[in-house]
Structure formats: structure tokens, C-alpha cells
There are 2 protein chains.
Amino acid sequence: MKRPLVEDIRERIDEFTATEKKAAHALLARYPVQGLGTVAQFAEAAGVSSPTILRFVSRLGFGGFSEFQDRLRLELDNQLNSPLARSASMDTDGDADPHVSKMVENIQETFLHLPKGELDGFIKLLADEKRTINLIGGRFTDALARYTASHLRIVRPNVVHIAGQQGNWLDQLLGIGPRDVVVVFDIRRYQAEIIHFSEAAAKKGAAIALVTDSWMSPIGRIAAYVLPARVAVPSPWDSSLALMAIAELLITGVTQLNPARSQQRMLELENLRDDHDPASDSPRGGPDI
Amino acid sequence: MKRPLVEDIRERIDEFTATEKKAAHALLARYPVQGLGTVAQFAEAAGVSSPTILRFVSRLGFGGFSEFQDRLRLELDNQLNSPLARSASMDTDGDADPHVSKMVENIQETFLHLPKGELDGFIKLLADEKRTINLIGGRFTDALARYTASHLRIVRPNVVHIAGQQGNWLDQLLGIGPRDVVVVFDIRRYQAEIIHFSEAAAKKGAAIALVTDSWMSPIGRIAAYVLPARVAVPSPWDSSLALMAIAELLITGVTQLNPARSQQRMLELENLRDDHDPASDSPRGGPDI
DNA sequence: TCCCGATTGTAATTTTTATTACAGGATTGC
DNA sequence: GCAATCCTGTAATAAAAATTACAATCGGGA
């Protein structure tokens, strides 16, 4: 089923009758395009009659010609869309936006230099149910904190996104202790408030896990785990894309570290959702904080 | 005639009607395989009716659907049998995390298929100071709305992130009219609330601009601009990374469409910031809503 | 050489598919 | 706010395609 059809044909070529072999060769000579036209075209190209083509595809195990074509299209789709067969058609899109290529480069570079142990430790920390996860971010990166929180909240309990007015932060700080984890998203310029919060949390015994733009964030000194990402793009702004890539990897990591729990929680949530009138449903993942 | 059909389509995308664009995008997203099946399959994938597909290929200059398919097959044949097609798949990853390579691939694919005109129009819309920009997102994508808002808010006035309790949305809806733009981040499953909000806003005359995971979001029907992104990754979750890449491109685009204004506003904000005690600074870009 | 089974093409049949006519609906311009 | 125009989908129609039945043909073994 998964094996390319070409191999199958090559291998079984001797099972075919003489005219069927002609069909096979015609197909192989112009694979897979030859099979994507009509039966008549195929037949003509192979120098045989239509029924022979039909018998050929039937012998290959297909229930009909269109079934055979579906298979060809599927293979073609996979081939064209996955293994960067792009370089062949690179001539067309050689004018890729420099901003886009920089973003891609950033992500690749980021993960090239990302210490695997650091990432795994980070994930384990986040997956520990006995701990409370607090997420906080800066002016722009707060969105990442929220994004991460909205996922983590689904696969595990005790996830808190620290957002809104600064006054609230202090309230949160009160409850933070050695069983807490504070995940900080912080890029330059490192905001004083975030630094203060992190330092205070660290002082109360919380584990700090930092996702940042370099090793220079002052929070790095007190963090148990640091994941640095590239942020430079040809723009007045920094790009948080690589940070988000890290966030998604964390989310997936935590989800898959305990698939059973994750799945069960996702299911339960699903049911809860269905029990409610969809329109009057609680808005998007519950209240912040 | 010798030029790849893809280019032709990309370039002439604006000549097409709304549903024809859907067809074009469906084709580009799965080029050329999408065009090699039956009209009905194509229509279904694009979410339009068969005659629309026929009109689409007719507008491209073909005398009929099979003529169109002949062309696709011809191109495909040339492409697959060219010597260039063999030297693929070396440039990137290698032993990288499959999740990471898929994310990178998603971004590349997303921008490969992103219609330039659509993007430019989107940016112009966002840069228009006379309009109010409202941003809204779903359970997970709300973070992107926030992220975009926090940047746009700096380079231009009248940026509103519609967040929080659903009740607030309605309040926002009251003020929305023909001078408003509603930017919607929406991936499956398309939340009913978001759809309702968008429809209501559209009914009041607002221009809808959509960033989504495919052309299937129901909001696509009423949107003036649609930017689709790839979201599939080897994870139980969808990846919003490509959506964010789009968001960053939008942000940069708007910023650079009027560099003088942007710079001045950034400067002014800087000064405001400095005038305050950094610690008691207003928290992160002011209140939402 | 003749016979029998397998193979192949012709032509009829049936199913699928493209195409077209038309009417409801949306949109644009006045 | 109205009319005219342009889109768009439904449903009927025409065209083309796949499929099947069957007869002609071929090839090897008595």
C-alpha cells in the first residue's frame, strides 16, 4: 500500500501478458503522467487497445481505472509536496521575500544551537503535574505566554497565565512557592517589571524557565533552563517567530510526554464543550489569571 | 504559452471573481494534482460548484477542462523528466527534529502559495489610518490577534484587540461600521462565536480580512482578503507558526508602508515612556479593548 | 495438422463526467 | 433606494469515458 507503484510494476513485470507489458513500459517511460490521461490516450501511447489497459490496471490490483489514477495522484502529491522537490521549480520562486527567508533561517539556526538537554529538562518541568505553571511575557511576548498557556491548560492542570494589570501580578506572587514554575518569555528590551517579577519568584523558591532572544537577558542568571532564539529580521521589529516555534515544541513535548493523560483531558474537555450550548460557551479557554 | 501556468495564475489572480479565486487557491495549494482529477473533485476541494471550476479554466484561456488537464500533464512531464528534478532534497535539514522541519516547511509552503496581491491589499488596508482596525482570534489564535495588535498599535492609531468576555464583543460590535476593518485569525475548528462576530461586522459594512489555515473557513466567504497558512505538524496540535509568520509580515509591511509615520510614533512613545518612572510604567501597551 | 485455452481487439453498453441553460442572489453604480 | 449587471449554484443535457461482452486471433501441445 505504501510502496511506490513503480517498484511494484517493475517487480511484477513478468506476471503480465505481452500487451500488458507494453502498457507497463509506456507507463514507466512517462511515469506517472501517462496514467493520468484517459484510457484511450494510454492505450494509444502503448500501442494497445483500451481493454488491455484496463486489464493491466486490474491485474495491478485496482478495482478500476479511476482507482488507479487516484493512487497516482496521491503519490504525486506526496512526492511534490514533501521532500523539497522544490529546487526543481526554484526558478519560479527564486524571488522569495528576504523577510521570509530570514525567518526560516532564524528557526533553523535556533534549533541548531538549542541544547537538547535544556529542552528536554524544560519539557519535563512543564509536564510535572505536581507543580503549578505560571507563564508571563513582555509587551509583545505576552501573546506567546498566552498561546502556550491556552494549550498547556488543556493537557495538564494548574496552568496560570499572568496577564493584565501589574497589580494582579503581585497577587499572583503571593501564592508562588517552591512548587511553582515560572515560564518567562522575554526579549529585549527586557522590561523591568518582568525582571522584578522573576527575581521575586525565584527568591520564593520557584523554578524559572526562560525563553529569550539571547543569553543576555538578566533573567538568565536565575533561570534553571534557558532557551535562546534568533530574532533578527530585516524589519524595524524583532521577530518572535522562533520563540513561538520553541513554544510549540514545548507544547508538543509536554503533550507527548504523557499521551494518556493528555488525551483523556482533551476528551473530557470535548465532552464538557458539547454539553454546553456552543453559543453560550465560556469564552475561549476560560478567564486569564 | 511556455510559461508555467502557476505564474500565470498568481499574476492574474485579481482578474478572477471571488469563487474563482477559491478555485485558484485550491489549485495552487495542491498544484498540479488538484487539477488532474475530475471537475467535481476540484470543485469540492475548492468549496465551489463545478461550473465555477469550468469558468475558472475558461478564463485562464483554455477551451475546456481536458485541454487544461493536458497542459498540466505536459508541464508535469517536463518538470519530472528534467535533469534538475533529480538533485533535490539536499539543501536543508538532514537529521533535524521532524517537528522542526515540518514547521519550516510549513512556512515555506505558506509563502510559496501566498498570493502577493492578496498580501499587499491586506497591508494597505491595515495601513489606512482612516480606518479602525479590530483584531479578533479564536481559542488559540487570539494570542496572534493580540501580538499583531500590540505592534500595530504602535505604528498607527485606532487599533483594537477584541478580547475577553464575549459580552464585550457585542459592545465592540456596536461601534463597527463601514470604516472598520476586522482582522480575524481563525483556524479549525472554526468557532461559532468568531463566525457570528465576523458576519455581524460584515453586515454592518466592515471589511473582513482573514488569516486562516485553509480556504475552508466559513468566514472566507465574506472576507475581502484571505491569507491561508499551513498548520499541519506531527503533533496532536495544529501549528500556528505560519500564521504568526504572516502576522509578522503584515506588521512589517504596515510599518514600512509609511516609515515616517511609524518612526515618529515610535519615537513619541519612547519619550512618553522615558517621562515615566520605568517601574510604574503603564503595563505593556495599555489596556486591551 | 488440428484443437484448446489464453490473449487481444472490436464494438456495444453503461456509467461517469464535462458542459450548458437558466434563475436566484448579490453587488455596483447611479 | 432602485435598477442593471455580474456572480453563482442547481439541474438538465450532451459528450466522453470506462467498462463489458464477445468474437477473432494467436500459440503451444497432442
Side-chain angles (χ1 to χ4, degrees), chain A residues 12-27 33-73, chain B residues 12-27 32-73 121 177-178 198-208 215-216 218-226:
Chain A
R12 297 173 46 191
I13 191 100
D14 289 329
E15 298 176 21
F16 304 135
T17 68
T19 50
E20 281 167 16
K21 272 181 198 159
K22 285 173 123 185
H25 285 132
L27 177 60
V33 176
Q34 190 57 260
L36 291 171
T38 70
V39 174
Q41 288 170 334
F42 194 166
E44 157 130 43
V48 301
S49 69
S50 297
T52 298
I53 301 297
L54 274 317
R55 282 188 282 262
F56 167 64
V57 302
S58 165
R59 195 182 301 265
L60 280 173
F62 296 99
F65 192 69
S66 42
E67 206 174 287
F68 164 72
Q69 288 189 321
D70 286 343
R71 168 64 174 273
L72 287 181
R73 279 195 292 267
Chain B
R12 297 173 46 192
I13 191 98
D14 289 329
E15 296 177 22
F16 303 134
T17 69
T19 50
E20 280 166 15
K21 271 183 201 158
K22 283 178 153 188
H25 287 128
L27 177 61
V33 175
Q34 191 58 258
L36 291 171
T38 70
V39 175
Q41 288 170 336
F42 193 166
E44 158 133 39
V48 300
S49 68
S50 298
T52 298
I53 301 297
L54 276 314
R55 283 188 283 262
F56 168 64
V57 303
S58 162
R59 195 180 300 262
L60 281 174
F62 296 100
F65 192 69
S66 42
E67 204 174 292
F68 163 73
Q69 288 189 319
D70 286 344
R71 168 64 174 275
L72 286 182
R73 278 195 293 268
S198 307
E199 282 171 349
K203 208 159 273 170
K204 299 192 76 175
I208 309 292
W215 291 89
M216 292 310 134
I219 301 173
R221 305 167 164 277
I222 54 171
Y225 296 99
V226 182

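Chain identifiers are assigned alphabetically (A, B, ...) following the order of the sequence lines, protein sequences preceding nucleic acid strands; residue numbering begins at 1 within each chain. FYI, side chains are in, hydrogens and waters are out, and symmetry mates aren't considered; it's all heavy atoms of this structure. Only a predicted model underlies this, so the values are computations on that prediction, with no experimental measurement involved.
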Side chain to side chain, [X] and [Y], heavy atoms closer than 4.5 Å:
X     : Y     : result
A/L60 : A/F16 : yes
B/R59 : B/T17 : yes
B/V48 : B/F56 : no
B/I53 : B/F68 : no

Side chain of [X]: nearest nucleotide among [options]?
X     : options               : answer
B/R55 : C/dT8, D/dT20, D/dT8  : D/dT8
A/F65 : C/dG9, C/dT19, D/dT19 : D/dT19
B/A18 : C/dT19, D/dT8, D/dT19 : D/dT8

Rounding to a whole Å, what distance do you find between [X]:[atom1] and [N]:[atom2]?
X     : N      : atom1 : atom2 : value
B/F42 : C/dT19 : CZ    : C1'   : 16 Å
A/I53 : C/dT7  : CD1   : P     : 16 Å
B/Q69 : C/dA18 : CD    : C1'   : 10 Å
A/E67 : C/dT15 : CD    : P     : 18 Å
A/F68 : D/dA17 : CZ    : C1'   : 16 Å
A/L54 : C/dT13 : CG    : C1'   : 14 Å
B/F16 : D/dC6  : CZ    : C1'   : 17 Å
A/F56 : C/dT8  : CZ    : C1'   : 16 Å

If you compare every side-chain N and O of [X] against the phosphate oxygens of [N] (OP1, OP2), does one of them come in below 4.0 Å?
X     : N      : value
B/T17 : D/dC7  : no
B/T38 : C/dT17 : no
A/T52 : C/dG9  : yes

- [ ] Output, in order, the C-alpha distance, side-chain angles, deciding distance and verdict of side-chain contact (heavy atoms from CB on, under 4.5 Å) for B/R71 and B/V57.
- [x] CA-CA 11 Å; B/R71 168 64 174 275; B/V57 303; over 6 Å; no
- [ ] Using the closest heavy atom to pick a nucleotide of DNA chain D for each, name whichever of A/A40 or B/R59 lands nearer the 5' end.
- [x]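 Between the two, 5'-proximity favours B/R59.
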Open item on the list: Nearest heavy atom decides the nucleotide; on that basis, is B/S66 or B/T19 closer to the 5' end of DNA chain D?
Closed with: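 With B/S66 and B/T19 compared, the 5'-side residue is B/T19.
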